[in-house]
Amino acid sequence: MSTAAFRPKSDFLAALLERGYVHQCSDLEGLDARAKAGELTAYIGYDCTAPSLHVGHLLSIMMLSWLQRTGGGKPIPLMGGGTTRVGDPSGKDETRKILTIEMIDANKAAIRNVFSKFLTFGAGKNDAVMADNAEWLTKLNYIEFLRDVGRHFSVNRMMSMDSVKLRLERDQELSFIEFNYMCLQAYDFVELNRRYGCIAQMGGSDQWGNIVTGIDLGRRMGTPQLYALTAPLLTTASGAKMGKTAAGAVWLEADMLSPYDYWQFWRNAEDGDVGRFLRLFTFLPLDEIARLEKLGGAEINEAKKVLANDATALVHGAAAADLAAETARKTFEEGVAAATLPTISVPRSELDAGLGVLTAFVRAGLVGSTGEARRQVKGGGLRVNDQPVTDERAALDAGQMVDGAIKLSLGKKKHVLLRAD
RNA sequence: GGGGGAAUGUCCCGAGCGGCAAAGGGGGCGGACUGUAAAUCCGCUGGCUUAGCCUUCGUAGGUUCGAGUCCUACUUCCCCCA
């Protein structure tokens, strides 16, 4: 369906469309009417494959938040406590490793708390509800499930779905357990409708097939009309997948990625992405965003700071965002070591004995091995207290401490303070 | 069941006459230029106590002074025939 010509009547869809959250929708008008009436209960499912969500998930969390703050209805984040045990084959060319149930439960527990920063939970009409499909999926009886639910699935149609077709065309293995994933996800939709009157599922564009399968199952099993809404896959202006680097994903949990590094991630956004990111990842009014987006040349950096501050405040709180901004200002604009940079400590005795520079950088986690440290020295990438390291045999000692710490830097952006204890 | 092919630097893709720490990409990291951006150019991209040593080419053996390369068995994947 074309989204361009559509004129939404609900604040919810208006916000989503204006800000660029919508990729595909099964029925914009129908969804719009329900949101206008404030009756749109919608869910998004989250896999429990890692102990933290990352920026890729943020887009969908924002959608749930918009649903609540525009009064369009009730958001339901669904933990995939059950479906993660099976594994989603969508967009994967290989069978995913099966996680142990203990790992899944641990991940689930870690993931849950992010949502409290974006949603208000409770029993009220617009209050969010946390669900977990392990609650119903693990209790299913195989025979009953096949009779009640399985008979509604057409294998012929499932074979034609992208996620399945891709594997078959490439002659890659698609195990039975994965083939069942979409049945379970479809059943989730029906179950959430029964439990909470949920009528819409949102998600990334890769989830379209799974969502539509759920709608179809709902029709056959007698639910009211269900709706699908997907968000675009995010890439940076230069075409790279967003939020994934070799160093790791941009996690939302502070113990997986510090608020300072999270702030830096947004601060380093490409020029061409700033406007889009402001619309998608902050709640700033659109006219304000339009003003920031127009800044040219070096002034765009002001917009990037706003982006970094707001995006960090949403996930880690305003205080952490301010601290990160202040640390960055001192580090980059004044060249002073701020006290809040990531810190490591070494025993005082070790420092007094003279700690090798290479070892120090490895300890700080800035490089992976002394070999890498050597190479960085040759390339001029390492600095101690802002002085380039030229001699790889040099040693650090207490005499180099400035305000009780030695500042180690890799490149221009990565800094760690070394303290003695 | 029969026949043929494949597995390479623990990010990915991919070359590799028996002398190999192993071509080339992509990605990543660093440098220069800038604005903590992009683009461009340059360097790096197994480990260590670095004139040297150690460990890597699906697994296990074998031939050889020497094996990613040859032989045998096994594992996994793909193709063709039944």
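Proteins come first, then strands; the chains are lettered A, B, ... in the order of their sequence lines, and each starts at number 1.
R69(A) pairs with exactly one of F12(A), F118(A), F283(A) by the side-chain contact (heavy atoms from CB on, under 4.5 Å) rule, that one being F283(A).
Residue K378(A) is out of contact with every strand shown, counting any heavy-atom pair closer than 4.0 Å. Here G380(A) lies in heavy-atom contact (under 4.0 Å) with sugar-phosphate atoms only. A269(A) comes within contact range of the sugar-phosphate backbone alone, with a heavy-atom separation under 4.0 Å but no base atom that close. Note on Q264(A): a base of the nucleic acid sits closer than 4.0 angstrom, heavy atoms only.
The distance from atom CD of Q376(A) to atom C1' of rA32(B) is 15 Å, rounded to the nearest whole Å. rC44(B) atom P lies 17 Å from atom CG of L410(A), rounded to whole Å. Distance CG (L292(A)) to C1' (rG35(B)): 16 Å, rounded to an integer number of Å. Distance N301(A) CG to rA38(B) C1': 12 Å, rounded to the nearest Å. Rounding to whole angstrom units, CG of residue N268(A) and P of rA39(B) are separated by 13 Å. The distance from atom NZ of K413(A) to atom C1' of rA38(B) is 11 Å, rounded to the nearest whole Å. The distance from atom CZ of R383(A) to atom C1' of rG31(B) is 11 Å, rounded to the nearest whole Å. Atoms NZ (K412(A)) and C1' (rG35(B)) sit 10 Å apart, rounded to a whole Å.
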Legend entry - side-chain hydrogen bond (donor to acceptor under 3.5 Å, both in side chains) evaluation trace for Q264(A) with D261(A): CA-CA 5 Å; Q264(A) 284 293 326; D261(A) 286 330; over 6 Å; no

Item to check | Worked verdict on F189(A) versus Y43(A) for ring-ring contact (aromatic ring centres under 6.0 Å, His included) | outcome: CA-CA 8 Å; F189(A) 205 164; Y43(A) 90 96; 5.5 Å; yes

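The nearest heavy atom of RNA chain B to F332(A) and to L382(A) marks one nucleotide each, and the one closer to the 5' end goes with L382(A). Map R393(A) and K305(A) each onto its nearest nucleotide of RNA chain B; the residue landing nearer the 5' end is K305(A).
Distances from the side chain of K414(A) to the nucleotides rC29(B), rA37(B), rG35(B) place rC29(B) closest. Counting only heavy atoms from C-beta on, R375(A) has its side chain closest to rG47(B) among rG47(B), rU36(B), rG35(B). Comparing rU36(B), rG30(B), rA37(B) by their closest approach to the side chain of K304(A) singles out rA37(B). You'll find that the side chain of W263(A) is closest to rU36(B), out of rU36(B), rA37(B), rC48(B). Considering only the side chain of R267(A), rU36(B) comes nearest among rC48(B), rU36(B), rA37(B).
For K117(A), the NZ atom counts as densely surrounded, since its 6.0 Å shell holds more than 12 non-hydrogen atoms of other residues, nucleotides or ligands.
Side chain of N268(A) to backbone of F265(A): no donor-acceptor contact under 3.5 angstrom is found. Side-chain atoms of S65(A) never come within 3.5 Å of backbone atoms of I61(A) as a donor-acceptor pair (strictly under, hydrogens ignored).
Taking atom C1' on both rC65(B) and rU75(B), the two are 32 Å apart, rounded to the nearest angstrom. Atom P of rG66(B) sits at a distance of 28 Å from the matching atom of rA51(B), rounded to the whole Å. On the P atoms, rG28(B) is 15 Å away from rC11(B), given to the nearest whole Å. When the P atom is compared between rG5(B) and rU55(B), the two are found 33 Å apart, to the nearest whole Å. Comparing rC20(B) with rA6(B), their C1' atoms are spaced 22 Å from each other, to the whole Å. Taking the C1' atom of each, rC74(B) and rG26(B) are spaced 34 Å apart, rounded to whole Å. Comparing the same atom, P, in rG35(B) and in rC44(B) gives a spacing of 28 Å after rounding to whole Å. Going from the C1' atom of rU8(B) to that of rU59(B) covers 15 Å, rounded to whole Å.
Between H57(A) and H54(A), the angle of the ring planes lies from 30° to 60°, which puts this pair in the tilted group. Using bins of under 30°, 30° to 60° and over 60° for the plane-to-plane angle, the ring pair W266(A)/F281(A) lands in the tilted bin.
With a cut-off of 3.5 Å on both Watson-Crick or G-U wobble distances, the partner of rU50(B) is given as none. The partner of rC44(B) is rG28(B), judged by Watson-Crick or G-U wobble contacts that both fall below 3.5 Å. The nucleotide rA21(B) finds no pairing partner, because no Watson-Crick or G-U wobble arrangement with both distances shorter than 3.5 Å includes it. Of the nucleotides present, none pairs with rU56(B) by Watson-Crick or G-U wobble criteria with both distances under 3.5 Å. Under the Watson-Crick and G-U wobble criteria, each requiring two contacts below 3.5 Å, nucleotide rG61(B) is paired to rC71(B). Within the shown strands, rC81(B) is the pairing partner of rG1(B) under the Watson-Crick or G-U definition, both distances less than 3.5 Å.
Side-chain atoms of R374(A) come within donor-acceptor range of the base of rU50(B), with a qualifying N/O pair under 3.5 Å. A donor N or O paired with an acceptor N or O is not found under 3.5 Å between the base of rU36(B) and the side-chain atoms of E333(A).
Between T370(A) and the phosphate of rU49(B), there is a side-chain N or O to OP1/OP2 separation shorter than 4.0 Å.
Taking the O4'-C1'-N9-C4 or O4'-C1'-N1-C2 dihedral as appropriate, rC20(B) has a value within 90° of 0 and is therefore syn.
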